[in-house]
Amino acid sequence: MSLPEAIRHPGKPRRWGGAPRMVHMELSDRYGRVAQDLRVSLTDRCNLRCSYCMPAEGLEWLPDESVLSDDEIVRLIDIGVRMLGIREVRFTGGEPLVRRGLVDIVARTKALSPTPDVSMTTNALGLTRTAQALADAGLDRINVSLDSIRPESFHEVTRRNRLPDVLSGLEAARRAGLGPIKINAVLLRGLNDEQAPELLRWAIAEGYELRFIEQMPLDAQHGWSRAEMITADEIFTSLEKEFLLEPASEPRGSAPAELFLVDGGPATVGVIASVTRPFCGDCDRVRLTADGQIRNCLFAREESDLRAALRAGATDEELAARWVRAMATKRAGHGIDDPTFLQPDRPMSAIGG
Ligand code: SAM
Ligand code: SF4
């Protein structure tokens, strides 16, 4: 196999955060975007059943043999970090806390050179037991998904009665120093859409950074509807009844959340308006699914199979070249508003949010 020019003649060493790194290639696409933020799904399994993500009965899980082993995951992350310019690694799922080797995977990722920033998105169930071990392994931060602090609404959204476990998981994360802790909330019409101010009041009192995420068409049941989703504008209207919101001055960069100072600050609230104000032009993300597929977009309809190549004995250079090629086809935008939009075959839980 002939290698791209960039691998045969690697560029000059770069400095990020003081660490020297030899970047052989970049994960760039034809629109000039460069992916540096890797989302790694560790499993498609989950112990909640959030209605915007999974059906009540769950899904047919990936067979064990198709899920990457701990060694395979760390090898692919190493290729991303060492050869392809990945600077941030976020573990997600499904629910990453249900993956047995999680603490070890975090420790091995944090030991890579150059050291990436390592974070996790989680529902926090079980975090009471593992928060300290994760912090000791080098996990930098967590985002916790929590859509309501009312037990009955929590149960309605997630179909499980586990709010106390989430709240104690959050406490444990705070004690372990896994902050600043961000809370991700999705609002659903007629269910928790009246609770935005209440969630914000609670988050500010607890010292968590709240971000609302517009619901996207990524549920397994294909129940999403543009007319039914709660828009960013509706979220602002609801919050502005109780709070003064002003745009935060710091530049947004590739971060998906638009940040607002609450009542003059320093507290902030974020809104991730993926549907009504897409930020695809600034996207710097790439995803690795639990079964070893590279997805260049949440809404991609094609994937690139790194697992098959890896298990067939591909070298690091060959895997890197395959990964680079997968990025080249990244589309300009997700196209949710196009009449031709097709929801991806995989639901959010199997992609890694
Ligand atoms: N289980 C973990 C959790 O819930 O944080 C990690 C995986 S979950 C798929 C990652 C994030 O995706 C969560 O914050 C969740 O709220 C969000 N999410 C799931 N389905 C979504 C949808 N249809 N639209 C918007 N966000 C969604
Ligand atoms: Fe599980 Fe996260 Fe999906 Fe909820 S959003 S069902 S916690 S994977």
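Atoms within each ligand, like the ligands themselves, are counted from 1 in listed order. Being a predicted model, the structure only gives us computed values, none of them experimental. Below, each value reflects all heavy atoms present in this structure, side chains not excepted, and no hydrogens, waters or symmetry copies.
Only protein atoms were considered; those of element N, O or S under 2.8 Å from atom 4 (Fe) of ligand 2 number 1.
Using a 4.0 Å cut-off between charged nitrogen and carboxylate oxygen, Arg174 and Glu206 count as a salt-bridge pair. With respect to the salt-bridge test (charged N to carboxylate O, under 4.0 angstrom), the residues Arg90 and Asp117 do not qualify. One finds no salt bridge joining Asp78 and Arg75 here, because no Lys/Arg side-chain nitrogen approaches an Asp/Glu carboxylate oxygen to under 4.0 Å. Contact check on Arg45 versus Asp64 returns a salt bridge, with a Lys/Arg side-chain nitrogen under 4.0 Å from an Asp/Glu carboxylate oxygen. Between Asp345 and Arg301 there is a salt bridge, with a side-chain nitrogen of the basic residue lying less than 4.0 Å from a carboxylate oxygen of the acidic one. The pair Arg82-Asp316 meets the salt-bridge criterion, with a side-chain N (NZ, NE, NH1 or NH2) lying under 4.0 Å from an Asp/Glu carboxylate O.
Listed for the Asn192 side chain is a donor-acceptor partner under 3.5 Å among the backbone atoms of Val186. Under the 3.5 Å distance criterion, the side-chain polar atoms of Gln221 are left unmatched by any main-chain donor or acceptor of Gly223.
Taking the centre of each ring, Phe243 and Phe260 stay at or above the 6.0 Å mark.
Heavy-atom minimum distance, Asp147 versus Leu199: O-CD1, 3.5 Å.
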For ligand 1, what N or O to protein N or O distances fall under 3.5 Å?
residue	atom	partner	partner atom	Å
ligand 1	1 (N)	Gly94	O	3.0
ligand 1	1 (N)	Glu95	OE1	3.0
ligand 1	4 (O)	Ser145	OG	3.3
ligand 1	5 (O)	Thr122	N	3.4
ligand 1	5 (O)	Thr122	O	3.3
ligand 1	5 (O)	Ser145	OG	2.5
ligand 1	14 (O)	Ser145	OG	2.7
ligand 1	14 (O)	Asn184	ND2	3.3
ligand 1	16 (O)	Tyr52	OH	3.4
ligand 1	23 (N)	Tyr52	O	2.9
ligand 1	23 (N)	Met216	O	2.9
ligand 1	24 (N)	Met216	N	2.8

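The distance from ligand 2 to the heavy atoms of Gly94 drops below 4.0 Å at these ligand atoms: 8 (S).
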